[in-house]
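The structure appears below as structure tokens.
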Amino acid sequence: MDRTQVLMLFGGESSEHDVSVSSARNVYAAIDDEKYEVTLCYIDRQGKWWLLESFDMQVDTHGAPQLLPVLGGNSFVTIPDNKVIAPDVIFPMLHGRNGEDGSVQGLAQLTHIPIVGCDMTASSIAMDKLASKEIVSSHHVLVAPYVVHHTGDQLPDFDKLSMTLGSPLFVKPSRAGSSVGVSKVYSDDALVNALAEAHHHDKTVLVEQAITGREIEVAVLGTPPSHRVSGIGEIVPGADFYSYDDKYAQGSKASVVIPADVSNDTARHIRTVAGDIYTMLGCSGLARVDFFLTEHDKVYFNEINTMPGFTNISMYPKLWRHESISYPQLIETLIEDALQQNDHKGR
């Protein structure tokens, strides 16, 4: 039986480049090589695509051919030797800008190749915290109160903001993941520095009320109306908040609790809201939906990740493992869902 040809993309131009490499390494090690033949495409920090022969401990592009898309041709071509690469499906193990934001999904659409995960529109909306919060709040889902700051806007006054949003405040780039560029601020000077850091990653920044609550995450798998919602997990930060370093640093004291210790009614409510958000944002394939849960059982939507991490510590595969879906089974489900959705589009 011919194996399904999978083009796996990893690396990328975003600040989550290293996380992407770690995630891809895990997926590559777990994929069933009797069913799937994987072609590796490393995207460097400058955005060039390189075809690799193997996944070594250190990514080395020396002597590797570059990969270019053939629009409308169901394929890619290498340069300088013009070898045609015709994958059955693209697996974009990419996080952040130019990977998770609809860019690669749009390219897949133009090349007429199925892609694992959400389409261009859902990826773009979900990546944008401002857009996704505006949509879900219009459906009566609670979000943390916030104000928006654009590059070039007058610097806000911390004391005035805290009168309406409270103190401390969270400052977040609208379009970045893995808590990159996120700061918790308690003063005017800290706010100025946090805005500068956040604007380094995006021209649109949210300044949010800090919700005191537990960090709850839910995994969603499949394409509506046949999608599945996992049980709920909890992130217990090892630092003041769940920052990039707290997620990925070797010495991180953050921990994952599955299942989270909440009542059955609360768990059902969170799972229902997660499924509703997934549907209303037009998601397909997979996503992880993140919430804050207060001591009074108020549930606040935080963000949605359409290509969550697959590293050793990542919540998404752990949640499905708790549901008795192994890592190889999860990967197979994602690939087969992408192929099935492409078949539906062709009818």
Side-chain angles (χ1 to χ4, degrees), residues 1-12 20 23-24 27-28 30-43 49 51-52 67-78 83-95 98-127 219-228 278-279 281-288 304-308 310 316-317 320 325 327-347:
M1 184 177 71
D2 291 339
R3 292 184 293 174
T4 300
Q5 301 297 308
V6 179
L7 178 65
M8 185 159 67
L9 309 179
F10 64 100
S20 168
S23 292
V27 172
Y28 184 67
I31 198 167
D32 186 345
D33 59 9
E34 291 187 358
K35 293 182 178 180
Y36 305 105
E37 183 174 358
V38 180
T39 299
L40 296 168
C41 177
Y42 170 69
I43 304 175
W49 293 33
L51 189 66
L52 301 185
L67 202 61
L68 298 178
V70 179
L71 301 184
N74 304 89
S75 61
F76 292 79
V77 65
T78 63
K83 178 183 176 183
V84 175
I85 305 295
D88 297 307
V89 63
I90 295 172
F91 200 130
M93 189 40 64
L94 296 164
H95 308 305
N98 287 353
E100 197 178 351
D101 60 358
S103 303
V104 167
Q105 292 74 17
L107 179 63
Q109 183 173 314
L110 292 174
T111 56
H112 302 175
I113 302 171
I115 188 167
V116 169
C118 295
D119 66 11
M120 177 182 65
T121 304
S123 296
S124 177
I125 292 171
M127 183 71 185
V220 189
L221 177 64
T223 298
S226 302
H227 57 301
R228 290 176 280 175
Y278 188 83
T279 302
L281 295 182
C283 295
S284 57
L286 77 162
R288 194 194 70 234
I304 183 168
N305 293 272
T306 56
M307 188 51 72
F310 277 72
Y316 188 85
W320 289 117
I325 299 177
Y327 213 132
Q329 288 173 325
L330 179 58
I331 295 166
E332 180 175 349
T333 300
L334 292 170
I335 292 172
E336 296 306 317
D337 179 81
L339 293 170
Q340 183 179 25
Q341 294 312 308
N342 187 69
D343 287 344
H344 290 330
K345 291 174 186 175
R347 292 175 186 170

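Values reported hereafter were calculated over all heavy atoms of this structure, with side chains retained and with hydrogens, waters and symmetry mates removed. This chain uses plain numbering: 1 for the first residue, then up along the sequence.
For Tyr42, the ring-ring contact (aromatic ring centres under 6.0 Å, His included) test picks out Phe10, His17, with sequence neighbours left out. Residues forming a side chain to side chain donor-acceptor pair (under 3.5 Å) with Ser23 (at least two apart in sequence, or on another chain): His95. Considering only residues two or more places apart in sequence or on other chains, Gln109 meets the side chain to side chain contact (heavy atoms under 4.5 Å, CB included) condition with Met120. For Glu37, the salt bridge (Lys or Arg N to Asp or Glu O under 4.0 Å) partners are Arg3, not counting sequence neighbours. Residues passing the side chain to side chain contact (heavy atoms under 4.5 Å, CB included) test with Val77, sequence neighbours excluded: Leu68, Val70, Asn82. Residues passing the side chain to side chain contact (heavy atoms under 4.5 Å, CB included) test with Ala126, sequence neighbours excluded: Ile304, Thr306. With sequence neighbours left out, Trp320 forms a side chain to side chain donor-acceptor pair (under 3.5 Å) with Tyr316. With sequence neighbours left out, Thr223 forms a side chain to side chain donor-acceptor pair (under 3.5 Å) with Asp337. Remark: Thr333 engages Leu221, Arg228 in a side chain to side chain contact (heavy atoms under 4.5 Å, CB included) (not counting sequence neighbours). Under the side chain to side chain donor-acceptor pair (under 3.5 Å) criterion, Ser284 pairs with no residue at all, not counting sequence neighbours. Among residues two or more places apart in sequence or in another chain, the ring-ring contact (aromatic ring centres under 6.0 Å, His included) test is passed with Tyr36 by none.
Counting heavy atoms from C-beta outward, Phe76 and Pro87 have side chains that approach closer than 4.5 Å. Side-chain contact check for Asp119 versus Gln105: every heavy-atom pair is 4.5 Å or farther apart. Annotation: side chain of Leu286 is not in contact with side chain of Leu330 (no heavy-atom distance under 4.5 Å). Between Val38 and Asp33 there is no side-chain heavy-atom pair separated by less than 4.5 Å. Looking only at side-chain heavy atoms (C-beta outward), Gln5 and Ile85 stay at 4.5 Å or farther from each other. Annotation: side chain of Val116 is in contact with side chain of Pro92 (closest heavy-atom distance under 4.5 Å).
Leu334 contributes atom CG, which lies 5.0 Å from atom CZ of Phe91 (distance to the nearest 0.5 angstrom). One finds the CD1 atom of Ile31 at 5.5 Å from the CD1 atom of Ile331 (value rounded to the nearest 0.5 Å). Taking OG of Ser103 as the reference point, atom CG of Leu94 lies at 10.0 Å (rounded to 0.5 Å). Annotation: the span from Ser20 atom OG to Glu100 atom CD amounts to 10.0 Å, rounded to 0.5 Å. Taking OG1 from Thr111 and CD1 from Ile90, the interatomic distance works out to 4.5 Å, rounded to the nearest 0.5 Å. Between Ser123 atom OG and Leu281 atom CG the span is 11.0 Å, to the nearest 0.5 Å.
One N or O on the side chain of Tyr278 and one on the backbone of Gly222 form a donor-acceptor pair closer than 3.5 Å. With hydrogens and angles disregarded, no donor-acceptor distance shorter than 3.5 Å links the side chain of Ser124 to the backbone of Gly102. Formation of a donor-acceptor pair under 3.5 Å by the Tyr327 side chain with backbone atoms of Phe310 is found in this model. Between the side chain of Gln340 and the main chain of Ile335, no donor-acceptor pair closer than 3.5 Å is present.
Just one of Asp88, Asn74, Val89 meets the side chain to side chain contact (heavy atoms under 4.5 Å, CB included) condition when paired with Pro114; it is Val89.
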May I have the step-by-step check of side chain to side chain contact (heavy atoms under 4.5 Å, CB included) for Ile43 and Asn98, ending in yes or no?
-> CA-CA 10 Å; Ile43 304 175; Asn98 287 353; over 6 Å; no
